[in-house]
Amino acid sequence: MSRAAVFGTGSWGTTFAMILAEAGTPTTLWGRRAEIVDAINETRENPEYLPGMRLPDTIRATTDPAEAMDGADFVVLAVPSQTLRANLQVWKPHIPPEAVLVSLMKGVELGTCKRMSEVICEVAEVPERRVAVVSGPNLVPELAQRQPAAAVVACSDEEVAARLQEACHLPWFRTYTNPDVVGVELGGAVKNVIALAVGVAVGMGLGDNVRATLMTRGLAEIARLGAVLGADQHTFAGLAGMGDLVATCTSPLSRNRTFGENLGRGMTMAEVVAATKQTAEGVKSCESVLELARKHDVEMPITEVVVGVVHDGMTPGEAAMLLMSRTPKPERYGV
């Protein structure tokens, strides 16, 4: 029987630990805050991030990374993407020799423009075959209610992907495998940026035509970047591409869409940040995604205006005008 350690007691880390445990995989949760760890062990509940959701009895929690990883076959990383490198440097000595490192994170590292799997390989000094990614349309409040959902498990080693698929497969949580780690990660990271743009449009009171245009053109941006980085274009038509994009852009449960919506309503960045309890990954990753695109000479106009609004003081109205006034180029089929 496989064992798992999940690092991060936020909403997604806690929920994925629940999924693993219900699928028959004994799981240990690592958390930084002792009060959350104690509450999980004593009440079977994470009162900070998932109040009211009872966790399986086979989950235990700890603040000790060595204890969490002891005997783990899968080490699941569910921390904010921009903290991964520093955290992993601390946790590295405790990683079991053959454990598979699993990323739940959807971001691109600032400064290096590296995907999360690349950061893991570099810092933990493990080969690609020992790194897997889980992504897809997985809005946590719905998963916490055990509503049906699906996800993609990506790994260059198909046997590893199959093992992880088995470890987290449930009647209500269906997983599919995919060897295209690059495409799955890009889909998860860039859709957050597009969701910010859709949220801004919603906050401005713009209609469904604009939302559909942003999502479709956003998918084109993801696919263009993926093409130059060697991703399989079919990935972007699946759960980790279009599926995740649609869920994140259309649901009021989405952190990134909600963040953009507040900006579109006229709130300042400081006001939105103060009102946001959990990480909206697109806010920081939009800069690294744009830098990555520029390094490879890929046009990503929606990403550019999101960076402008979030980081450079551009107003939502100016962003909309900039997008609509771009010089038209011959583009077949509107994609």
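The residues of the chain are indexed from 1 along the displayed sequence. Quick note: numbers below take in every heavy atom, side chains included, and nothing from hydrogens, waters or symmetry partners.
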Only distances under 3.5 Å count here; give the side-chain donor-acceptor pairs of residues 34-43 to other protein atoms, sequence neighbours excluded, each with its distance to 0.1 Å.
residue	atom	partner	partner atom	Å
Glu35	OE2	Arg33	NE	2.9
Glu35	OE2	Arg33	NH2	3.2
Asn41	OD1	Ala61	N	2.8
Asn41	ND2	Val37	O	3.4
Asn41	ND2	Ala61	O	2.9
Thr43	OG1	Ala39	O	2.6
Thr43	OG1	Glu45	N	3.4

Exercise for review: Please round to the nearest 0.5 Å and tell me the distance separating atom CG of Leu29 and atom OG1 of Thr63.
Suggested key: 12.5 Å
Practice item. Specify the closest pair of heavy atoms between Ser81 and Gly107, including all atoms of both residues, with the distance to one decimal. Key: OG-CA, 3.8 Å
Exercise for review: Using the salt bridge (charged side-chain N to carboxylate O under 4.0 Å, His left out) rule, take Glu118 and Arg115 through it: C-alpha gap first, then chi angles, then the decisive distance, then the call.
Suggested key: CA-CA 5 Å; Glu118 293 178 305; Arg115 293 173 284 106; 3.3 Å; yes
Check your understanding: Among the clusters formed by ILVMFWY side chains lying less than 4.5 Å apart, do Met242 and Leu196 turn up in the same one?
Key -> yes
Point to revise | Pairing of Glu185 and Lys106 as salt bridge, 4.0 angstrom limit | key: no
Check your understanding: Ser285 and Val108: which non-hydrogen atoms are nearest, and at how many Å?
Key -> OG-N, 3.1 Å
Exercise for review: Quick one: list whatever passes ring-ring contact (aromatic ring centres under 6.0 Å, His included) with Phe7, sequence neighbours left out.
Suggested key: Trp30, Trp91
Practice item. Answer yes or no: is there an ion pair linking Arg294 with Glu291, defined by an N-O contact shorter than 4.0 Å? Key: no
Check your understanding: With hydrophobic residues grouped by side-chain heavy-atom distances under 4.5 Å, do Phe74 and Val123 end up in a single group?
Key -> no
**Study point:** Side-chain heavy-atom pair Val190, Met300 within 4.5 angstrom cut-off
**Key:** yes
Practice item. Look only at the side chain of Asn256 and the backbone of Gly282, and say whether a donor-acceptor pair between them is shorter than 3.5 Å. Key: yes
Check your understanding: What's the spacing between Ile194 CD1 and Leu219 CG if we round to 0.5 Å?
Key -> 9.0 Å
Review point. Hey, are the side chains of Val75 and Pro96 touching, using non-hydrogen atoms and a 4.5 Å cut-off?
Key: yes
Practice item. Could you tell me whether the side chain of Met69 reaches within less than 4.5 Å of the side chain of Ile95, counting heavy atoms only? Key: yes
Review point. Hey, is the main chain of Thr279 close enough, under 3.5 Å, to the side chain of Arg255 for a donor-acceptor pair?
Key: yes
Check your understanding: With side chains defined as the heavy atoms from C-beta onward, is the minimum distance between Val202 and Arg211 less than 4.5 Å?
Key -> yes
Revision key, fill the gap. Separation between CG (Asn178) and OG1 (Thr235), nearest 0.5 Å, reads 4.0 Å
Practice item. Test Thr177 against Gln165 for side chain to side chain donor-acceptor pair (under 3.5 Å), laying out the working first. Key: CA-CA 7 Å; Thr177 61; Gln165 178 187 42; 5.0 Å; no
Review point. Do any N or O atoms from the side chain of Glu22 and from the backbone of Ile19 form a donor-acceptor pair under 3.5 angstrom?
Key: no
Review point. Salt bridge between Glu109 and Arg85, side-chain N to carboxylate O under 4.0 Å?
Key: yes
Review point. Which atom names give the shortest non-hydrogen contact between Leu214 and Ala201, and what distance separates them?
Key: CD1-CB, 3.9 Å
Practice item. Give the minimum heavy-atom separation between Pro26 and Ser2, together with the two atoms involved. Key: CD-O, 3.3 Å
Practice item. May I ask you to test the Trp12-Leu143 pair for a side-chain heavy-atom distance under 4.5 Å? Key: yes
Check your understanding: Within the side chain of Thr9, is there an N or O that forms a donor-acceptor pair under 3.5 Å with the backbone of Gly31?
Key -> no
**Study point:** Considering all heavy atoms, the nearest Ala167-Thr25 contact
**Key:** O-OG1, 2.9 Å
Just distance, no hydrogens or angles: give the donor-acceptor pairs under 3.5 Å from side chains in residues 302-318, sequence neighbours left out.
residue	atom	partner	partner atom	Å
Thr303	OG1	Glu221	OE1	3.0
His311	NE2	Val283	O	2.6
Thr315	OG1	Glu318	N	3.1
Thr315	OG1	Glu318	OE1	3.4
Glu318	OE1	Thr315	N	3.0

Check your understanding: What about Leu139 and Leu170, same hydrophobic cluster or not, with Ile/Leu/Val/Met/Phe/Trp/Tyr joined at side-chain heavy-atom distances under 4.5 Å?
Key -> no
Review point. Do Arg60 and Asp57 meet the salt-bridge criterion of a basic N to acidic O distance under 4.0 Å?
Key: no
Exercise for review: Let me see the working for Leu104 and Val133 under side chain to side chain contact (heavy atoms under 4.5 Å, CB included), right down to the final yes or no.
Suggested key: CA-CA 6 Å; Leu104 301 187; Val133 174; over 6 Å; no
**Study point:** Rounded distance (nearest 0.5 Å) linking atom CG of Leu50 with atom OG1 of Thr15
**Key:** 4.5 Å
Point to revise | Rounded distance (nearest 0.5 Å) linking atom NZ of Lys191 with atom CZ of Arg257 | key: 13.0 Å
Let me have the donor-acceptor pairs involving side chains of residues 264-271, under 3.5 Å, with sequence neighbours excluded, atom names and distances please.
residue	atom	partner	partner atom	Å
Arg265	NH1	Asn262	OD1	3.3
Arg265	NH2	Glu261	OE2	2.7
Thr268	OG1	Glu271	N	3.1
Thr268	OG1	Glu271	OE1	3.4
Glu271	OE1	Thr268	N	2.9

Practice item. Verify, without hydrogens or angle tests, whether Asn138 (side chain) and Ala150 (backbone) share a donor-acceptor contact under 3.5 angstrom. Key: yes
Point to revise | With sequence neighbours excluded, residues passing side-chain hydrogen bond (donor to acceptor under 3.5 Å, both in side chains) with Arg130 | key: none
**Study point:** Verify same cluster id: Met18, Val134 (apolar side-chain graph, 4.5 Å)
**Key:** yes
Point to revise | Residues, nucleotides or ligands: over 12 heavy atoms within 6.0 Å of Gln233 CD | key: yes
Check your understanding: Do you know the tightest heavy-atom contact between Pro93 and Val90?
Key -> CD-O, 3.3 Å
Review point. Are Val198 and Val200 side-chain neighbours, meaning at least one heavy-atom pair lies under 4.5 Å?
Key: no
Check your understanding: Out of curiosity, does Val182 fall in the hydrophobic cluster containing Leu101 (side-chain heavy atoms, cut-off under 4.5 Å, transitive links)?
Key -> no
Check your understanding: What pairs of residues pass the salt bridge (charged side-chain N to carboxylate O under 4.0 Å, His left out) test when at least one of them lies in residues 3-13, not counting sequence neighbours?
Key -> none
Review point. Is the backbone of Tyr49 close enough, under 3.5 Å, to the side chain of Ser11 for a donor and an acceptor to pair up by distance?
Key: no
**Study point:** Candidate pair Cys113 and Lys295, rule side chain to side chain contact (heavy atoms under 4.5 Å, CB included), full reasoning
**Key:** CA-CA 9 Å; Cys113 296; Lys295 281 183 177 181; 4.0 Å; yes
Point to revise | Atom pair CG (Asp157) and CG (Leu164), whose distance is rounded to the nearest 0.5 Å | key: 11.5 Å
Practice item. Before giving the answer on side chain to side chain contact (heavy atoms under 4.5 Å, CB included), spell out for Val76 and Leu20 the whole-Å C-alpha distance, their side-chain angles and the decisive distance to 0.1 Å. Key: CA-CA 10 Å; Val76 181; Leu20 287 164; 4.2 Å; yes
Check your understanding: Between Cys155 and Glu128, does a side chain to side chain contact (heavy atoms under 4.5 Å, CB included) hold up when you go through it step by step?
Key -> CA-CA 8 Å; Cys155 184; Glu128 289 182 358; over 6 Å; no
Review point. Looking at side-chain heavy atoms only, is the closest gap between Thr175 and Val152 below 4.5 Å?
Key: no
Check your understanding: Would you say Met105 and Ser103 make side-chain contact, with heavy atoms under 4.5 Å?
Key -> yes
